[in-house]
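Heavy atoms only: backbone and side chains are in, while hydrogens, waters and symmetry mates are out.
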Amino acid sequence: MNTRLYDFLHPIVGLYYRVFLGIRAVGRENVPSEGGFILCANHVHARDPFVIATLTRRHLHFMAKAELFKNRLVGWFIRSIGAFPIERGKSDIGAIRESMKILGEEHALGIFPQGTRSRENAHTHMESGVALIALRAGKPVLPVYVDGPYRFFRKTTVFFGPMMRFEDLGRKFDRETLNIATSRIESAIWALQPQDSLNIH
């Protein structure tokens, strides 16, 4: 990550989103100021990682679909601000190792466990990869809900929930344990969705 570029763009992009998209945060005090953790959010738009990043004071390293890195300029830019590729639809050992490295260095990792965008905020299936990484790394998960879709000059709220820990599950990585952890993460994310939003999406 190019931290100088990240820190330079952070307030500029944040101001743009606040003015034109009415971005605001609820529960931002739940974001830890230090230590490794996994930020886990629903995914409504390609700008989600940028919006979420501007609302935290941490340098976030997001997983991003490998297709984005095929364009050299785009690939260079998103790598510079902390993104790294993952091959969707298969077990990407390289992405898992990179995730473990980031967390081992006590940085913040960002993952969208739905694996793809849902513009309507549908409660689509969430993959178990984030649970595997959390259990292997022994790191907590921060659930986040983006109340999209984004519309210009209308408020969009991002909800940061309480940190989740999985000590009771131990360091087991069997299918049953991963399903339990994944279900907890999924429930925690959707529990942040406002009731009035449920009637819209």
Side-chain angles (χ1 to χ4, degrees), residues 1-34 37-65 67-68 71 73-74 77-84 107-127 130 140-164 185-201:
M1 173 186 283
N2 184 329
T3 55
R4 288 186 177 180
L5 178 62
Y6 191 107
D7 291 339
F8 172 75
L9 292 175
H10 192 278
I12 299 172
V13 177
L15 178 62
Y16 170 83
Y17 283 146
R18 288 195 300 274
V19 172
F20 293 103
L21 292 176
I23 300 297
R24 69 187 186 102
V26 172
R28 187 158 41 184
E29 67 276 6
N30 290 317
V31 182
S33 59
E34 58 184 20
F37 70 94
I38 305 172
L39 185 150
C40 212
N42 63 312
H43 200 10
V44 297
H45 196 279
R47 63 168 59 98
D48 290 342
F50 303 103
V51 168
I52 293 171
T54 63
L55 295 174
T56 76
R57 294 184 177 86
R58 296 294 299 272
H59 290 155
L60 293 173
H61 298 257
F62 276 97
M63 275 189 183
K65 62 182 181 180
E67 294 88 337
L68 293 175
N71 181 297
L73 181 59
V74 172
F77 175 71
I78 60 178
R79 280 186 190 276
S80 295
I81 57 174
F84 63 97
H107 297 308
L109 172 67
I111 299 178
F112 297 103
Q114 288 169 290
T116 188
R117 297 193 297 269
S118 172
R119 296 182 185 277
E120 295 76 27
N121 258 345
H123 291 202
T124 57
H125 170 72
M126 294 192 179
E127 303 293 339
V130 62
V141 169
L142 179 74
V144 174
Y145 177 78
V146 181
D147 194 30
Y150 304 100
R151 294 187 178 91
F152 282 104
F153 303 110
R154 293 183 62 179
K155 290 188 183 301
T156 299
T157 306
V158 178
F159 297 86
F160 295 86
M163 193 71 81
M164 305 175 63
I185 294 168
E186 186 173 4
S187 296
I189 292 173
W190 296 126
L192 297 170
Q193 185 175 18
Q195 288 300 117
D196 57 349
S197 180
L198 287 170
N199 298 326
I200 295 173
H201 301 302

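Taken from CZ in F37 to CG in L60, the straight-line distance is 6.0 Å, to the nearest 0.5 Å. Of the inter-residue distances, the one linking F160 atom CZ with L55 atom CG reads 5.0 Å to the nearest 0.5 angstrom. Interatomic distance, L9 CG to F50 CZ, rounded to the nearest 0.5 Å: 9.5 Å. Between atom CE of residue M126 and atom SG of residue C40 there is a gap of 7.0 Å, rounded to the nearest 0.5 Å. Rounding to the nearest 0.5 Å places CD of E34 at 14.0 Å from CZ of R57. Separating the CD1 atom in I23 from the CG atom in D147 is a distance of 10.0 Å, to the nearest 0.5 Å.
When the side-chain contact (heavy atoms from CB on, under 4.5 Å) test is applied to A41, the partners found at least two apart in sequence or on another chain are L39, I52, F112, V144. Applying the side-chain contact (heavy atoms from CB on, under 4.5 Å) rule to L192 yields the partners P143, Y145, F159; only residues at least two apart in sequence or on another chain are considered. Taking S80 as the reference, nothing meets the side-chain hydrogen bond (donor to acceptor under 3.5 Å, both in side chains) condition, with sequence neighbours excluded. In this structure H45 satisfies the side-chain contact (heavy atoms from CB on, under 4.5 Å) test together with R47, D48, R119, Y150, sequence neighbours excluded. Take F153 and apply the side-chain contact (heavy atoms from CB on, under 4.5 Å) test, not counting sequence neighbours, and it matches F20.
By the 4.5 Å heavy-atom criterion applied to side chains, L21 and F152 are counted as neighbours. Residues M1 and H107 fail the side-chain proximity criterion, which asks for heavy atoms closer than 4.5 Å. Counting heavy atoms from C-beta outward, Y6 and N2 have side chains that stay 4.5 Å or more apart. A heavy-atom distance below 4.5 Å is found between the side chains of P113 and I189. Proximity of F62 to I81: side-chain heavy atoms (C-beta onward) are nowhere separated by under 4.5 Å. The shortest side-chain heavy-atom distance between I38 and V130 falls under the 4.5 Å cut-off. Put simply, the side chain of F84 reaches to within 4.5 Å of the side chain of L109, judged on heavy atoms.
Heavy atoms only, all atoms of each residue included: M164 and A188 are closest at SD-CB, 3.4 Å. Nearest heavy-atom pair, Q114 versus T124, reported as atom, atom and distance to 0.1 Å: NE2-OG1, 2.7 Å. Across N42 and V146, no two heavy atoms sit closer than the pair OD1-N, 2.7 Å.
Residue pairs satisfying the side chain to side chain donor-acceptor pair (under 3.5 Å) criterion with at least one member in residues 7-29, sequence neighbours excluded, are listed as follows: D7-H59, R24-T157.
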